[in-house]
Amino acid sequence: MRVIISICMLLLFFVFACEQENQEPKYSEHQAYPEFLDFLRHETKLMSTDFEKTSFIRRKVAELIDGGVGGRDVALFDENWVNWKGERYYSVFLFDSATVRCGGSAHFLHEVYSDLGYNSETFDIGFENTFYTHQFTVVYSNEISDYYVQDPFFNISFLDKHTSDPLPFSRLLNLVFSSETDRILIKQDHYSFSPDWDWSGIEKYSGQFEIEVNEEYSLRNYQAMSSIIDSSSRWEGYNTRFIELYKYPLDHNSKTIMEFYYNVKMSNKKGK
């Protein structure tokens with residue numbers, strides 16, 4: 001009799017263990033960061049492409065981010081925020097203790113990708129020390145031997161308007177370099193933060209570039225910035241001319257992504 005009871009107990013334990021193993025990870029706004037990563041792994045496990053997986057992760061990260069400009073900006077209480085790990089960003093958003101702009105959003109997504117085993121970088125573009133900059137995340141796909149742009153601040157990715165296929169980063173850059181931005185389709189997912197951008201700042205910043213207006217680079221930057229900001233076409237808080245800023249990467253980007261960028265740029269020039 002004791003043997004039968006013991007066998008029954010073992011069977012019950014085995015069934016319980018199997019159920020626990022196969023149980024879908026539960027995700028709530030109060031869970032810990034490792035559980036959030038487990039949730040992302042589980043949800044993306046059966047997705048067929050890297051673009052699907054990394055887009056899903058970006059959407060979930062974008063939903064967590066507290067975006068904004070003001071007295072709770074993360075840079076105001078820690079100037080070293082750029083070196084935060086994913087878990088610290090997660091805790092800040094979990095307890096609603098600070099907000100981030102595009103830089104913090106991009107770094108948080110980069111850390112999440114890294115913790116999930118993806119190779120990613122942040123990419124900063126625009127005109128240094130002005131309002132007219134933007135930072136986003138690029139994540140590498142072994143399927144295409146290229147990166148995809150995943151922008152958590154605006155919660156967007158990019159497609160080919162003619163084919164609806166995801167645009168690899170190199171293809172996106174080539175379209176920008178060739179002034180074929182009409183082929184770029186901006187795919188926006190759930191959008192929770194819609195800042196009221198002030199595009200009148202061109203007068204404030206133009207003087208910085210006029211100081212050395214005789215230098216070709218300064219003049220080129222001033223003219224480019226004027227061209228971008230003079231166009232006031234808007235798209236759900238995202239100025240479509242922001243894509244033009246892809247022509248102006250900032251120097252503090254990583255060596256890896258800058259080499260990739262300039263290789264694409266040189267290939268584009270040779271192809272003309």
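Computation of the quantities below employed the complete heavy-atom set of this structure, encompassing side-chain atoms and omitting hydrogens, waters and symmetry-equivalent molecules.
For Tyr262, the side chain to side chain contact (heavy atoms under 4.5 Å, CB included) criterion is met by Pro249, Met258, Lys265, not counting sequence neighbours. Applying the ring-ring contact (aromatic ring centres under 6.0 Å, His included) rule to Tyr148 yields the partners Phe51; only residues at least two apart in sequence or on another chain are considered. Residues passing the side-chain hydrogen bond (donor to acceptor under 3.5 Å, both in side chains) test with Gln150 are Thr54, Ser55, Arg58, sequence neighbours excluded. Listed by chain and number, the residues in a side chain to side chain contact (heavy atoms under 4.5 Å, CB included) with Glu143 are Thr49, Asp50, Ser141 (sequence neighbours excluded). With sequence neighbours left out, Asp96 forms a side-chain hydrogen bond (donor to acceptor under 3.5 Å, both in side chains) with no residue at all. Residues forming a side-chain hydrogen bond (donor to acceptor under 3.5 Å, both in side chains) with Ser254 (at least two apart in sequence, or on another chain): Glu121. Taking Lys247 as the reference, Glu244 meet the salt bridge (Lys or Arg N to Asp or Glu O under 4.0 Å) condition, with sequence neighbours excluded. Applying the ring-ring contact (aromatic ring centres under 6.0 Å, His included) rule to His110 yields no partners; only residues at least two apart in sequence or on another chain are considered. By the salt bridge (Lys or Arg N to Asp or Glu O under 4.0 Å) test, Asp165 pairs with no residue at all, sequence neighbours left out. By the salt bridge (Lys or Arg N to Asp or Glu O under 4.0 Å) test, Asp78 is found to be paired with Arg88, residues two or more places apart in sequence or in another chain being considered. A search for ring-ring contact (aromatic ring centres under 6.0 Å, His included) contacts involving Tyr140 returns Tyr147, not counting sequence neighbours. Applying the side-chain hydrogen bond (donor to acceptor under 3.5 Å, both in side chains) test to Asn253 and every residue at least two apart in sequence or in another chain returns nothing.
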Stepwise, does the side chain to side chain contact (heavy atoms under 4.5 Å, CB included) test hold for Val138 with Val149? CA-CA 5 Å; Val138 292; Val149 171; 4.0 Å; yes
Quick one, Thr133 with Leu245, criterion side chain to side chain contact (heavy atoms under 4.5 Å, CB included). Give me CA distance, side-chain angles, the key distance, then yes/no. CA-CA 8 Å; Thr133 63; Leu245 292 178; over 6 Å; no
Assess the residue pair Val100 and Asp73 against the criterion (side chain to side chain contact (heavy atoms under 4.5 Å, CB included)); give the C-alpha distance rounded to whole Å, side-chain angles, the decisive distance to 0.1 Å, and a yes or no. CA-CA 6 Å; Val100 293; Asp73 189 272; 5.8 Å; no
Worked verdict on Leu172 versus Ile184 for side chain to side chain contact (heavy atoms under 4.5 Å, CB included): CA-CA 7 Å; Leu172 176 67; Ile184 300 172; 3.4 Å; yes
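A tilted orientation is assigned to the rings of Tyr90 and Tyr33, their planes being inclined by 30° to 60°. Ring geometry for Phe108 against Tyr89 counts as tilted: the plane angle lies between 30° and 60°, on a 0 to 90° scale.
No donor-acceptor pair closer than 3.5 Å links the side chain of Glu43 to the backbone N or O of Leu40. Not a single donor-acceptor pair under 3.5 Å links the side chain of Thr122 to the backbone N or O of Thr137.
Leu167 places none of its side-chain heavy atoms less than 4.5 Å from the side chain of Leu159. Side-chain contact between Leu64 and Lys60 is absent, with no heavy-atom pair separated by less than 4.5 Å. Put simply, the side chain of Leu116 reaches to within 4.5 Å of the side chain of Arg41, judged on heavy atoms. Counting only heavy atoms from C-beta outward, the side chains of Ile65 and Leu109 never approach each other to under 4.5 Å.
Across all non-hydrogen atoms, the minimal contact from Asp146 to Pro168 is OD2-CB, 3.3 Å. The shortest non-hydrogen separation linking Glu52 to Met47 is O-SD, 3.7 Å. The two residues Val92 and Ala98 have their closest heavy-atom pair at CG1-CB, 3.6 Å. Here the closest non-hydrogen pair linking Pro152 and Ala62 is O-CB, 3.4 Å.
In this structure, CD1 on Ile186 lies 8.5 Å from NZ on Lys161, to the nearest 0.5 angstrom. With rounding to the nearest 0.5 angstrom, the CD1 atom of Ile243 is 9.5 Å from the CD1 atom of Ile125. For the atom pair CG of Leu185 and CG of Asp182, the computed distance is 11.5 Å after rounding to the nearest 0.5 Å. With rounding to the nearest 0.5 Å, the separation of CG in Asn119 from OG in Ser114 is 7.5 Å. We find the CG-CG distance between Asp151 and Asp189 to be 11.0 Å, quoted to the nearest 0.5 Å. Between atom NZ of residue Lys53 and atom OG1 of residue Thr44 there is a gap of 6.5 Å, rounded to the nearest 0.5 Å.
The six-membered or imidazole ring of Tyr261 lies near that of Phe123, with a centre-to-centre distance under 6.0 Å.
Under the 4.5 Å side-chain contact rule for hydrophobic residues, Leu250 and Ile257 do not share a cluster. The cluster map of Ile, Leu, Val, Met, Phe, Trp and Tyr, joined by side-chain heavy atoms under 4.5 Å apart, puts Val112 and Phe95 in the same cluster.
Of the N and O atoms on the side chains of Ser178 and Asn268, at least one donor lies less than 3.5 Å from an acceptor on the other residue. With 3.5 Å as the limit, one finds no donor-acceptor pair spanning the side chains of Thr99 and Asp66. With 3.5 Å as the limit, one finds no donor-acceptor pair spanning the side chains of His107 and Asn83. Using modelled atom types, one finds no donor on one side chain facing an acceptor on the other under 3.5 Å when comparing Ser91 with Glu87.
More than 12 heavy atoms of other shown residues, nucleotides or ligands fall within 6.0 angstrom of atom CD in Glu180.
Partner Phe136 forms a ring-ring contact (aromatic ring centres under 6.0 Å, His included) with one of Phe154, Tyr246, Phe158, Phe153 and no other, that one being Tyr246.
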